[in-house]
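In this text the structure is predicted, and so the values were computed from the model without any measurement. Index from 1, following the sequence. Just so you know, these numbers use all the heavy atoms, side chains as well, and skip hydrogens, waters and symmetry mates.
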Amino acid sequence: MPMRRGGPVPLYYQLLQILRARIGGGEYVRGAPLPTDEALMKEFGVSRHTVRSALHQLVAEGLVERFPGRGSFIVEGGARPSPWSIEAVEDLIETSFVDTYTVFETRLVEARVDGRAAVALGAAPTERLFRVRSVRSATAGPYAYSNVFFPADIGAKLPRHLFSERPLILLVEEYCSLPAFRTRQVALAAAADREAARRLHVAIGAPLLVLERTYYSRDGRPIEHTRNVYRPDRYEQVVTFLRRQDTPWEASAASAFQRSRGGSHVRPH
């Protein structure tokens with residue numbers, strides 16, 4: 001099945017269809033590993049983001065499991081729910097644009113309408129910010145309600161007709177030459193206000209999970225602040241943490257191994 005570039009169907013969705021067909025047709029054996037991200041990138045001539053977006057959807061459908069450091073595997077015995085692991089900025093970008101993504105408002109607002117966004121973006125209360133409001137839905141219904149804020153000069157350059165087709169932070173990278181280099185995330189608990197309750201189909205006052213993310217360019221400039229409000233019964237986020245250095249036991253074991261081999265090893269700091 002060839003990939004059609006420049007058409008209305010995103011590349012990640014075309015790749016998703018191909019991989020789903022291969023799994024269903026038995027070309028990929030259940031329990032066996034999928035080709036690596038790099039192999040899929042080479043085979044289809046697409047970016048890592050495209051590959052990961054397609055794999056994320058397969059994970060959401062319970063067809064594939066991803067394990068840090070091991071790769072992606074076809075689920076044995078049919079689909080089952082599986083969380084998506086967040087390990088890098090790219091993973092945050094991918095999870096911001098899955099399932100059904102509906103933008104229902106784009107406008108300039110005064111920073112005072114959201115004090116936390118104003119602080120995150122370093123904006124004065126009367127300064128104008130560009131706000132995008134959206135809802136994400138899966139088969140069970142809406143699960144995320146988002147308010148996304150940009151500095152006005154960035155918002156002015158973003159192509160509105162692509163808002164429902166591509167992750168907003170990637171549009172910032174493409175149209176403003178400001179790739180996201182670092183992301184700060186804050187997790188909060190909140191009770192549903194009237195607007196969140198209406199958008200997520202819950203009662204006013206229902207408990208919700210809030211994830212606030214501020215994306216920064218390489219030079220430290222805040223380029224986007226997002227407030228995502230989730231129904232906890234429909235959303236789960238898994239974060240993987242890795243140890244930065246060996247434990248004392250591992251370090252001493254490595255040293256003993258090197259001595260037994262008659263060699264030496266210097267670990268950079």
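- With values rounded to the nearest 0.5 angstrom, T102 atom OG1 is found 14.0 Å from R133 atom CZ.
- Remark: H161 NE2 to R166 CZ distance equals 9.5 Å, nearest 0.5 Å.
- The minimum heavy-atom distance linking I223 with P151 is given by the pair O-CD, 3.5 Å.
- For the pair G141 and R234, the tightest heavy-atom approach, listed with the atom from each and the gap, is C-NH1, 3.2 Å.
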Exercise for the section: Please step through side-chain contact (heavy atoms from CB on, under 4.5 Å) for the pair Y143 and Y230, ending with a clear verdict. Expected result: CA-CA 6 Å; Y143 66 88; Y230 299 94; 4.2 Å; yes
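- Remark: the T183 side chain and the Q185 side chain contain no N/O donor-acceptor pair separated by less than 3.5 Å.
- A 4.5 Å side-chain heavy-atom check between V132 and F150 finds at least one atom pair inside the cut-off.
- We find that E212 and R184 are not joined by a salt bridge, their nearest charged nitrogen and carboxylate oxygen being 4.0 Å or further apart.
- Of all heavy-atom pairs spanning V46 and V51, the tightest one is CG2-CG2, 3.7 Å.
- Here the CG-NZ distance, from L171 to K157, works out to 13.5 Å after rounding to the nearest 0.5 Å.
- When atom types are taken as modelled, the side chain of R160 and the backbone of L158 share a donor-acceptor pair closer than 3.5 angstrom.
- Here the closest heavy-atom approach between residue L162 and residue Y175 is recorded as CD1-OH, 3.5 Å.
- Residues T226 and I169 form no side-chain contact, since every pair of their non-hydrogen atoms from C-beta on lies 4.5 Å or further apart.
- Atom-to-atom distance recorded for L40:CG and R52:CZ is 12.0 Å, nearest 0.5 angstrom.
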Problem - R231 and Y145: CA distance, side-chain angles, deciding distance, side chain to side chain donor-acceptor pair (under 3.5 Å) verdict - result: CA-CA 9 Å; R231 282 185 56 152; Y145 163 55; over 6 Å; no
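- Note on I18: it clusters hydrophobically with V59, by side-chain heavy-atom contacts below 4.5 Å among ILVMFWY residues.
- Heavy-atom minimum distance, L129 versus A123: CD2-CB, 4.0 Å.
- Contact annotation: the side chain of D114 never approaches that of V109 to less than 4.5 Å [non-hydrogen atoms, C-beta and beyond].
- Nearest heavy atoms, A196 versus D193: N-OD1, 2.8 Å.
- To the nearest 0.5 Å, atom CD1 of residue I74 and atom CG of residue L34 are 3.5 Å apart.
- Under the 4.5 Å side-chain criterion, counting only non-hydrogen atoms from C-beta, L178 is not in contact with Y215.
- Linking Ile, Leu, Val, Met, Phe, Trp and Tyr residues whenever their side-chain heavy atoms come within less than 4.5 Å places L55 and L63 in a single cluster.
- Side chains of R22 and Y28: a donor-acceptor N/O pair is present below 3.5 angstrom, by distance only.
- In this structure, R136 fails the cation-pi test against Y235, since its NZ or CZ atom is not both closer than 6.0 Å to the six-membered ring centre and inside 45 degrees of the ring normal.
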Handout entry: Working for side-chain contact (heavy atoms from CB on, under 4.5 Å), residues F44 and Q14
Key = CA-CA 10 Å; F44 295 101; Q14 296 180 52; over 6 Å; no
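- Side-chain contact, D219 with S217: a donor N or O sits under 3.5 Å from an acceptor N or O.
- Rounded to the nearest 0.5 angstrom, F149 CZ and H225 NE2 are separated by 7.0 Å.
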Practice task
Take D153 and R221 through the salt bridge (charged side-chain N to carboxylate O under 4.0 Å, His left out) test and state the conclusion after the steps.
Solution key: CA-CA 13 Å; D153 62 315; R221 180 190 179 187; 2.9 Å; yes
